[in-house]
> 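Before I ask anything, here is the structure I am working with.
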Amino acid sequence: GAGVSQSPSNKVTEKGKDVELRCDPISGHTALYWYRQSLGQGLEFLIYFQGNSAPDKSGLPSDRFSAERTGGSVSTLTIQRTQQEDSAVYLCASSLSGTGGYEQYFGPGTRLTVT
Amino acid sequence: EDQVTQSPEALRLQEGESSSLNCSYTVSGLRGLFWYRQDPGKGPEFLFTLYSAGEEKEKERLKATLTKKESFLHITAPKPEDSATYLCAVRGGSNYKLTFGKGTLLTVNP
């Protein structure tokens, strides 16, 4: 079946501009996660959705970062007033549920470059 | 706070030369230890989940094992196509997120 998809695959933006990153999870997966992967760093958790609610936003680095999920499916991660330190690969993952030890399946990522 | 340390950072093998990758972890109430493979420019690909000490799982040339403090990913007779970064992650009892190590970059030369 179809895996997790993300768009765009690459995004180059100027410092100070806003960007939106999109994630389509695997059909039927109620849990959705955003992570960030920077050069030399491990994957860093950003936010978790169960359905349309976000019980854990603890990884969002600043109030410039926000995310929403609609219809229990598609999610959008928005970064306002982008800074150079926001340059990274943003990865989305989904799992059957947020509870239990279900594995998370990742999308291909969006590579964000802030110039 | 959950912590994961992977070693070595990089490993270079000759085709057919078996070896192991290590993942040491500290977690409160393990809900799962996960191994992923990541190829350049791609997202992590799920390999295994281990839930309790003593558990083992196998897939082709890969075998993952788990103790109370660490996990090993054993690679038997590797091929060049096994070259990738291997990531280990844990999920603790009160968390929904995965905490990842920085990975081991495996290169298998023909």
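Numbers restart at 1 for each chain; the letters A, B, ... are given by sequence-line order, proteins then strands.
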> Heavy-atom cut-off 4.5 Å, strictly under: side chain, backbone, both or neither for B/K97 against chain A?
both

> Quick one, B/N109 with B/R12, criterion side-chain contact (heavy atoms from CB on, under 4.5 Å). Give me CA distance, side-chain angles, the key distance, then yes/no.
CA-CA 7 Å; B/N109 295 315; B/R12 189 176 294 271; 3.3 Å; yes

> Select one option (side chain, backbone, both, neither) describing which atoms of B/F46 are under 4.5 Å from chain A's heavy atoms.
side chain

> Take A/D63 and A/F65 through the side-chain contact (heavy atoms from CB on, under 4.5 Å) test and state the conclusion after the steps.
CA-CA 5 Å; A/D63 58 9; A/F65 287 72; over 6 Å; no

> Is chain A contacted by the side chain of B/L30, its backbone, both, or neither, given a heavy-atom distance below 4.5 Å?
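Contact with chain A involves no heavy atom of B/L30 at all.
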
> Identify which part of A/Q37 has an atom lying under 4.5 Å from any heavy atom of chain B, answering side chain, backbone, both or neither.
side chain

> With the threshold set at 4.0 Å, does a side-chain nitrogen-carboxylate oxygen contact exist between B/E9 and B/K102?
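No salt bridge links B/E9 with B/K102.
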
> Would you find more than 12 non-hydrogen atoms of other residues, nucleotides or ligands less than 6.0 Å from B/K69 atom NZ?
no

> Measuring heavy-atom distances to chain A, does B/Q38 have an atom under 4.5 Å in its side chain, in its backbone, in both, or in neither?
side chain

> Using a strict threshold of under 4.0 Å (side-chain N to carboxylate O), is an ion pair present between B/E15 and B/K79?
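B/E15 and B/K79: not salt-bridged.
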
> Considering only heavy atoms, which portion of A/L43 lies under 4.5 Å from any heavy atom of chain B: side chain, backbone, both, or neither?
both

> Measure B/Y36 against the heavy atoms of chain A and call it side chain, backbone, both or neither at under 4.5 Å.
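Side chain of B/Y36 only, per the 4.5 Å heavy-atom cut-off to chain A.
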
> Only one of A/F106, A/Y90, A/Y48 passes ring pair (Phe, Tyr, Trp, His ring centres under 6.0 Å) with A/Y35; say which it is.
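The passing option is A/F106.
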
